[in-house]
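Taking it in order: structure first as structure tokens, then the write-up.
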Amino acid sequence: MNGAKKFHKATGPAFHRGEEWVSSCGNRVYILSVRKYPGAAADANHTSDYGVTYEWFENGHYVQHEKDAWNFQVRYQHIADLDL
């Protein structure tokens, strides 16, 4: 890998429901929803203005969590970008 990291728009197809992302240690998570934070300005479109709800399977059940889209992308990589 060349150290490149692709960041996706929180409103783009990589954040559609069911999209698969992978952590650096290989754990797979799936997008449930993306929403603009209520306090974000109407014309704001920064990645941190959106919350991403996602889930993963752990110990026999699904676990849900939410992060802002920027922090989510720091932790996870979209499966289409694994060959970067």
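Here, residue 1 is the first one in the sequence, and each next residue gets the next number. Heavy atoms only: backbone and side chains are in, while hydrogens, waters and symmetry mates are out.
Here the straight-line distance linking atom CG of Leu82 with atom CD of Gln77 works out to 5.0 Å at 0.5 Å rounding. Note that CH2 of Trp70 is 13.5 Å distant from CG of Asp49, once rounded to the nearest 0.5 Å. To the nearest 0.5 angstrom, Trp56 atom CH2 is 9.5 Å from His61 atom NE2.
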Open item on the list: Test side chain to side chain contact (heavy atoms under 4.5 Å, CB included) on Phe57 and Asn27; report intermediate values, then the result.
Closed with: CA-CA 9 Å; Phe57 196 74; Asn27 295 332; over 6 Å; no

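Between Tyr62 and Leu32 the shortest side-chain heavy-atom distance does not fall below 4.5 Å. Here the side chains of Thr11 and Val34 are not in contact, with every heavy-atom distance at 4.5 Å or above.
For Gln73 (side chain) and His8 (main-chain N/O), a donor-acceptor pair under 3.5 Å exists by modelled atom type. The backbone N or O of Ala14 lies less than 3.5 Å from no partner atom in the side chain of Lys9, so there is not a single donor-acceptor pair. When atom types are taken as modelled, the side chain of Lys36 and the backbone of Ala42 share a donor-acceptor pair closer than 3.5 angstrom.
Of all non-hydrogen atoms in Ser48 and Asp68, the two that sit nearest each other are OG-OD1, 3.8 Å. The nearest pair of heavy atoms linking Glu66 to Tyr37 is OE2-CE2, 3.3 Å.
With sequence neighbours excluded, no residue forms a salt bridge (Lys or Arg N to Asp or Glu O under 4.0 Å) with Arg75. Under the salt bridge (Lys or Arg N to Asp or Glu O under 4.0 Å) criterion, Glu55 pairs with no residue at all, not counting sequence neighbours.
With respect to Arg28, the salt bridge (charged side-chain N to carboxylate O under 4.0 Å, His left out) criterion is satisfied by exactly one of Glu19, Glu58, Glu20: Glu20.
Between Trp21 and His78, the ring planes lie perpendicular to each other; the angle is over 60°, past the 30° to 60° tilted range.
Under a hydrophobic-cluster definition in which Ile, Leu, Val, Met, Phe, Trp and Tyr are linked whenever side-chain heavy atoms come within less than 4.5 Å, directly or via other members, Val74 and Val52 are assigned to different clusters.
Within the 6.0 Å centre-distance limit, the rings of Tyr54 and Tyr76 are counted as a close aromatic pair.
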